[in-house]
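Side chains included, hydrogens not; waters and symmetry mates left out as well; all remaining heavy atoms used.
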Amino acid sequence: MQKVWEAVLEDLRGRLSAHTFAAWLAPLELVGLEGGVLQIRIPHRFFADWIAARYLPDLVETMARRAGAPVSRVEWVIDESIAGSLEPPATERGPSAREARVEVLASRRASARPRARERKTGELPFPSSGAGAPAPAQRPERSSVAPPRPLEEDTLNPRYRFESFVVGPSNQLAHAAAVFAASAPGKRYNPLFIYSNVGLGKTHLVNAVGHRVREERPDARVLFISAEHFTNEFISALQHRSIDEFRARYRTGCDVLIIDDIQFLATREQTQEEFFHTFNALYHADKQIVVTSDVYPQQIKEMQDRLISRFQWGLVADIQAPELDTRIAILRKKAELESIALDDAVALFVAQRVESNVRELEGTLLRLAVRADVEGRPIDLALAQAMLGSASRPSERLPSVEEIQRAAAEYFGIGMKELLSGRRHRGVSQPRMLAMFVTRELLRLSYPEIGRRFGGRDHTTVISAHRKIEAQLPHDERLQRALESIQKKLGLG
Ligand code: ADP
Ligand code: MG
């Protein structure tokens, strides 16, 4: 079973950014899977909360697939002693391990705001800290952090294929260009640059390109990698003096290079330089290059002009938020893939209620399916209304940036002026970074936009604040408490 677990983590590693994986998934340990109950050991109860809201569907699904057994519930075993291996420790931890068992339904599907809604309808809330009787620790030995695995390209997500991609007016061009590039790599749309807001299908589409090329040309070498992963690998190659290998792989050892989320290279001068040469080598050898980004090439700030202009040599295609009909078609497709019985009325209702983001649309459908399962009833309009509310209620409204700022300022007992000021004192910068983090997580505003709303800061400041908080959260209880209080203040707790 331990092997299965390792394989599960490996699968997830391919789908998440390296630092997310390291911060949140790598510390998890498998206790066991029995009778549909998956037990996972976590260093803090905060992990349960965070993972449940983001990675649980993927985790549960991958586990079920790999283990060949259903997972109906996840039980978290909190064990602070394993926090010792987390980097860097926030505080000294005493020798006594505290374990507590808490449970959540495996159904805790990712969605922007599952918590408030689920509470209302009496589903299990997130585990409260220390719930359950302390149990004696009986862990396998754990001496140190696992050695870093050799870096390699991300793997293609098996679910992201053209066959499972729904085409509509919002994504028609991007889709057509992707299909063309996959069938005739390096020929016409080179590079292919696809951009859109988050959750609209970029990653799905470029994975589909990779699958299609591999199907049609089994010997073609397809590399799919996030720009972040590319960066890390480059840095690591520099450190380990293996830059020649790195270059051989990306410049000559590759027929199709797919780079996801290129905006990550913003401000990273040296990696941009490297990527520039990679690009040229591939381009002049007529190799296909596919790039995704969350903004149009010229809007990627702090990106070398010569790269920006190269991004526009081929085809630049955007993906817009899907129209109602496309949203309905996507719901139907997902329902079919997941063997969920979904009638037209429910599909219409959900598609009307979830408008801007396909990931959320998907999450809503999965949550509905699990709720129906748990309650032993069909997915009908009544259930959908119970979950999504029959009309938009004010409480379902997301908070504004100002409300988030105010909540953070109040929690830390500082003024709004200070929060938005340029002061770098930790007592002010920490609340500010946390507020930026919450804004990004909750509202999915772009980094430049968040920068503007926080006193005209550069987007790189926002990105680094977000990363800092994300890295700190898993092992900083003060920060966790602050985040929870702020969420409560915002009516999300
Ligand atoms: P992005 O990379 O733009 O943030 P993703 O490719 O990760 O978005 O898509 C988010 C989710 O929405 C994925 O699960 C993906 O399968 C799904 N999705 C997005 N667009 C479509 C579509 N047109 N048809 C089917 N699924 C889609
Ligand atoms: Mg993506």
If I compare all heavy atoms of Ile258 with all of Val206, which pair ends up nearest, and what's the gap? CD1-O, 3.4 Å
Can you name the nearest heavy-atom pair linking Leu443 to Ser400, along with the distance? CD1-C, 4.3 Å
The test is salt bridge (charged side-chain N to carboxylate O under 4.0 Å, His left out); show your working for Lys488 and Glu484 and say whether it passes. CA-CA 6 Å; Lys488 268 213 196 85; Glu484 277 172 345; 6.0 Å; no
Is any side-chain heavy atom of Met436 closer than 4.5 Å to a side-chain heavy atom of His466? no
Stepwise, does the side chain to side chain contact (heavy atoms under 4.5 Å, CB included) test hold for Trp5 with Leu28? CA-CA 10 Å; Trp5 177 245; Leu28 306 190; 3.8 Å; yes
Would the distance check show the side chain of Thr292 and the main-chain N or O of Tyr195 forming a donor-acceptor pair, the cut-off being under 3.5 Å? no
Do the non-hydrogen side-chain atoms of Asp318 and Tyr296 ever get within less than 4.5 Å of each other? no
Yes or no on side chain to side chain contact (heavy atoms under 4.5 Å, CB included) for Ile40 and Val74, after CA distance, side-chain angles and deciding distance? CA-CA 7 Å; Ile40 301 175; Val74 172; 4.2 Å; yes
Got a second to check how far Ile463's CD1 is from Ile450's CD1, nearest 0.5 Å? 9.5 Å
Nearest heavy-atom neighbours spanning Ile379 and Ala372: CG1-CB, 3.6 Å
Between CZ of Arg41 and CD1 of Ile78, what distance do you get to the nearest 0.5 Å? 12.0 Å
With a 6.0 Å cut-off (strictly less than), is the heavy-atom count around CZ of Arg478, excluding the residue itself, greater than 12? no
Applying side-chain contact (heavy atoms from CB on, under 4.5 Å) to Asp11 and not counting sequence neighbours gives Arg15, Thr62, Arg65, Arg66
My understanding is that only residues two or more places apart in sequence, or in another chain, count here; which of them pass ring-ring contact (aromatic ring centres under 6.0 Å, His included) with Phe230? Phe246, Tyr250, Phe275
To the nearest 0.5 Å, tell me how far Ile328 CD1 sits from Asp344 CG. 8.0 Å
For Phe412, check ring-ring contact (aromatic ring centres under 6.0 Å, His included) against everything at least two apart and list the hits. none
Sequence-distant partners of Arg188, side-chain contact (heavy atoms from CB on, under 4.5 Å), two or more places apart: Phe180
My understanding is that only residues two or more places apart in sequence, or in another chain, count here; which of them pass ring-ring contact (aromatic ring centres under 6.0 Å, His included) with Phe311? Phe193
How far apart are the C-alpha atoms of Glu449 and Arg452, what are their side-chain angles, what is the distance that settles it, and do they pass the salt bridge (charged side-chain N to carboxylate O under 4.0 Å, His left out) test? CA-CA 5 Å; Glu449 175 66 16; Arg452 270 195 294 282; 2.7 Å; yes
Main-chain N/O of Leu388 paired to Arg353 side chain as donor or acceptor, under 3.5 Å: yes
State, yes or no, whether a side-chain contact exists between Val290 and Tyr189 at a heavy-atom distance under 4.5 Å. no
Answer whether the closest heavy-atom distance between the side chains of Ile225 and Glu233 falls below 4.5 Å. yes
So the side chain to side chain donor-acceptor pair (under 3.5 Å) pairs with at least one residue in residues 196-206 (sequence neighbours excluded) are Ser164-His204, Ser196-Lys202, Thr203-Asp260
Closer than 3.5 angstrom, by distance alone: can the side chain of Asn190 be matched with the main-chain N or O of Ile289 as a donor-acceptor pair? yes
Contact between Trp24 and Glu470 at the side-chain level, heavy atoms closer than 4.5 Å - yes or no? yes
Min side-chain heavy-atom separation Ser446-Gln299 under 4.5 Å: no
Would you say Asp294 and Val198 make side-chain contact, with heavy atoms under 4.5 Å? no
Of all the heavy-atom pairs spanning Pro431 and Ala408, show the shortest one and how long it is. O-CB, 4.2 Å
State the CD-NZ distance between Glu10 and Lys3, to the nearest 0.5 angstrom. 12.0 Å
Just by distance, with hydrogens left out, do Glu323 and Thr326 show a side-chain donor and acceptor under 3.5 Å apart? yes
Which atom of Ala335 lies closest to which atom of Leu365, heavy atoms considered: N-CD2, 3.7 Å
Find the distance between CD1 (Ile194) and CD1 (Ile262) and round it off to the nearest 0.5 Å. 13.0 Å
Pair Glu402-Arg453, salt bridge (charged side-chain N to carboxylate O under 4.0 Å, His left out): steps then yes or no: CA-CA 9 Å; Glu402 289 70 24; Arg453 308 288 290 270; 3.3 Å; yes
Inspect the surroundings of CZ in Arg467 and state if more than 12 heavy atoms from other residues, nucleotides or ligands are less than 6.0 Å away. yes
Kindly indicate, with the supporting measurements, whether the criterion salt bridge (charged side-chain N to carboxylate O under 4.0 Å, His left out) is fulfilled by Glu163 and Arg212. CA-CA 10 Å; Glu163 291 73 19; Arg212 178 65 57 87; 3.4 Å; yes
Would you confirm whether the ring centroid of His175 sits within less than 6.0 angstrom of the ring centroid of Phe162? yes
For the pair Val462 and Arg440, evaluate side chain to side chain contact (heavy atoms under 4.5 Å, CB included) and give the outcome as yes or no after the intermediate values. CA-CA 9 Å; Val462 184; Arg440 173 70 182 179; 5.7 Å; no
Locate the shortest heavy-atom distance separating Val166 from Ala329; write the atom from each residue and the value. CG1-CB, 3.6 Å
